[in-house]
S.K.: 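One structure, as structure tokens, below. Some questions next.
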Amino acid sequence: SVRARCGTNNASRDLGYPAAKPKQMATAETAPDATHDANGFPIAPPHALLNPLFDQRVEDLHSKCTKKPTDSELLKLYGLFKQGTVGDCNIPKPKVSLASGFAAMKTMAKWTEWNKYKGKLSQKEAQDKYVEICDQLIVKYSKQ
């Protein structure tokens with residue numbers, strides 16, 4: 001490997017490439033129009049804590065599970081999390097073709113999952129459902 005040949009952990013610098021700058025999250029003050037970041041994605045305002053267990057389950061899922069939930073389980077959680085924190089999907093449908101690649105297909109799947117709750121599930125209902133599913137997944141994948 002390049003790292004082994006160079007004898008350091010910073011292979012890009014050893015090869016003369018500038019070190020990558022870490023990406024910073026956009027805030028309302030730094031975003032071009034105060035509601036979207038430089039890439040056009042909406043900036044989520046701090047979510048209202050409508051279910052007191054919501055934030056705790058986000059942490060619990062990471063700390064208490066020994067196995068990763070399936071992609072379909074994670075996708076469902078993604079849609080509920082976005083609905084519970086942002087509300088109805090507020091970004092246009094991504095333009096994806098077969099030549100777009102895996103990342104674009106993943107983006108489309110995430111958008112589709114979030115958008116299916118538009119007008120059907122309130123933020124409180126989404127947070128409640130998220131907590132319910134997390135509880136099931138924690139039992140299913142927990143460190144016992």
Side-chain angles (χ1 to χ4, degrees), residues 1-4 6 8-14 17-144:
S1 85
V2 171
R3 213 175 279 152
C6 296
T8 141
N9 287 334
N10 195 341
S12 64
R13 190 170 301 145
D14 292 336
Y17 300 120
K21 292 182 181 177
K23 263 192 166 180
Q24 292 183 339
M25 295 295 293
T27 63
E29 293 79 29
T30 63
D33 69 0
T35 60
H36 291 77
D37 67 16
N39 297 318
F41 289 101
I43 298 169
H47 63 272
L49 191 57
L50 304 170
N51 181 324
L53 298 174
F54 181 74
D55 282 340
Q56 184 60 48
R57 286 308 179 273
V58 173
E59 297 299 320
D60 289 348
L61 196 62
H62 293 284
S63 65
K64 294 184 178 181
C65 293
T66 55
K67 285 180 62 182
K68 179 182 168 188
T70 66
D71 288 344
S72 63
E73 290 166 336
L74 290 173
L75 193 60
K76 183 160 191 77
L77 285 176
Y78 174 84
L80 290 169
F81 181 85
K82 292 295 281 188
Q83 186 70 18
T85 56
V86 177
D88 284 345
C89 184
N90 57 3
I91 58 174
K93 184 177 183 176
K95 291 177 177 40
V96 177
S97 70
L98 292 176
S100 298
F102 180 73
M105 299 303 259
K106 187 175 177 181
T107 299
M108 177 58 118
K110 291 166 85 174
W111 181 88
T112 301
E113 185 66 29
W114 179 19
N115 193 59
K116 79 179 188 182
Y117 299 116
K118 189 174 190 173
K120 297 178 183 165
L121 209 57
S122 71
Q123 284 184 269
K124 167 111 175 62
E125 292 168 327
Q127 287 186 13
D128 292 345
K129 187 72 175 163
Y130 184 93
V131 168
E132 178 186 323
I133 291 173
C134 279
D135 287 341
Q136 294 167 3
L137 294 177
I138 289 167
V139 169
K140 185 176 179 180
Y141 298 112
S142 71
K143 304 172 183 175
Q144 297 204 22

S.K.: Distance from Cys65 atom SG to Lys140 atom NZ, nearest 0.5 Å?
M.R.: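 Cys65 atom SG to Lys140 atom NZ measures 10.5 Å (nearest 0.5 Å).
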S.K.: Which heavy atom in Gly84 sits nearest to a heavy atom in Ala126, and how many Å separate them?
M.R.: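 Heavy atoms of Gly84 and Ala126 come nearest at N-CB, 3.6 Å.
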S.K.: Hey, does the side chain of Trp111 reach the backbone of Ile91 with a donor-acceptor pair shorter than 3.5 angstrom?
M.R.: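 Present.
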S.K.: Out of Phe54, Tyr117, Trp114, which residue meets the ring pair (Phe, Tyr, Trp, His ring centres under 6.0 Å) rule with Phe81?
M.R.: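 Checked Phe54, Tyr117, Trp114 against Phe81; only one passes ring pair (Phe, Tyr, Trp, His ring centres under 6.0 Å): Phe54.
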S.K.: Rounded to the nearest 0.5 Å, how far apart are CG of Leu137 and OG1 of Thr70?
M.R.: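 OG1 of Thr70 is found 7.5 Å from CG of Leu137.
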S.K.: If you compare all heavy atoms of Asp88 against all heavy atoms of Leu121, which two are closest, and at what distance to 0.1 Å?
M.R.: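 Taking every non-hydrogen atom into account, OD1-O, 4.4 Å.
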S.K.: Working to the nearest 0.5 Å, report the span between NZ of Lys120 and CD of Glu125.
M.R.: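 Between Lys120 NZ and Glu125 CD, I get 13.0 Å after rounding to 0.5 Å.
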S.K.: Quick check: closest heavy atoms across Thr107 and Pro94, and the distance to 0.1 Å?
M.R.: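 Closest approach of Thr107 to Pro94, heavy atoms only: CG2-CG, 4.0 Å.
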S.K.: So, do Met108 and Lys93 sit near enough that their side-chain heavy atoms are less than 4.5 Å apart?
M.R.: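 SC-SC contact between Met108 and Lys93 confirmed.
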S.K.: Could you point out which residue of Leu61, Asp60, Leu53 forms a side-chain contact (heavy atoms from CB on, under 4.5 Å) with Cys134?
M.R.: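 Going through Leu61, Asp60, Leu53 one by one, the side-chain contact (heavy atoms from CB on, under 4.5 Å) with Cys134 is satisfied by Leu61 alone.
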S.K.: Can you see which heavy atom on Pro69 is nearest to which on Leu74, and at what distance?
M.R.: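 Minimum heavy-atom separation between Pro69 and Leu74: O-CD1, 3.7 Å.
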S.K.: Quick one: pull up CD in Glu113 and CG in Leu77 and give me the separation to the nearest 0.5 Å.
M.R.: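 So the gap between those two atoms works out to 9.0 Å.
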S.K.: NE2 of His62 to CD1 of Ile138: how many Å apart, nearest 0.5 Å?
M.R.: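 Here the rounded value is 10.0 Å.
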S.K.: Sub-3.5 Å donor-acceptor pair from the side chain of Gln83 to the main-chain atoms of Gln123, do we have one?
M.R.: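 Answer holds: no.
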S.K.: Kindly check if the number of other-residue, nucleotide or ligand heavy atoms within 6.0 Å of NZ (Lys124) is above 12?
M.R.: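 Check passes, neighbour count above 12.
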S.K.: Salt-bridge test for Lys76 and Glu73: reply yes if a basic N is under 4.0 Å from a carboxylate O, no otherwise.
M.R.: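 Here Lys76 does not pair with Glu73 in a salt bridge, since their nearest N and O are not under 4.0 Å apart.
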S.K.: So, taking the atom named NZ in Lys82 and the one named CG in Asn115, what distance separates them when rounded to the nearest 0.5 Å?
M.R.: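 Interatomic distance, Lys82 NZ to Asn115 CG, rounded to 0.5 Å: 12.5 Å.
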